[in-house]
Amino acid sequence: MRIAVLFAALLLLPGCWVADELDQGDKLLEQHAGKRIKQAKAKKGRAEAPQAESEPARKSEGPGMLQELATWAGKKLEGPPPPPDPGDTPVRCFVGDRQLFTSRYDCEAQRGRVVELPPQPR
C-alpha cells in the first residue's frame with residue numbers, strides 16, 4: 001500500500017511543480033513589464049471587438065490555392081514529356097573530396113571536375 005501511495009505521489013508532484021513554475025514566471029513577467037503587457041492587452045481587446053462587428057466576412061477573390069494547383073498540374077502533365085537533352089549525360093563528378101554520380105550540367109554548376117563514364121553495353 002505504501003509503495004502505491006509513494007508511486008502515485010511521484011507521478012503527480014512533478015506536474016504540480018511545473019505548473020507552479022509557470023505561474024511564478026507569469027507573475028515575474030507582469031511585475032517587470034506590467035505597463036507594456038497591460039497596454040497591449042487593452043489595445044488588443046479594443047481593436048478586435050469593433051472589427052468583428054463592423055467588417056463583414058471577406059469573400060475570396062479568384063480561385064483557391066487547391067484549384068490553382070490542380071490547374072498548374074494539369075497544364076504541366078498534358079502531352080508527352082520533353083525529350084532529354086543529349087548534352088546532359090551522366091558523369092562522375094569530383095567536388096572537393098566527394099565523388100558524385102550526377103548529370104554534366106549539375107556537376108558544372110557545382111564547379112566539380114567531370115570524369116566521363118564508359119558507355120554501357122547494350
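Remember, it's a predicted structure, so these values are computed and weren't measured experimentally.
Pairing each heavy atom of Val91 with each of Cys107, the nearest pair is CG2-CB, 4.3 Å. What you find for Gly112 and Cys93 is that their closest heavy atoms are CA-SG, 4.0 Å.
Inter-residue side-chain proximity for Gln110 and Leu100 is flagged as met; some heavy-atom pair is nearer than 4.5 Å.
Residue Ile3 places its CD1 atom among 12 or fewer non-hydrogen atoms of other residues, nucleotides or ligands, all under 6.0 Å distant.
The backbone N or O of Ser103 sits nowhere less than 3.5 Å from a side-chain atom of Asp88 that would complete a donor-acceptor pair.
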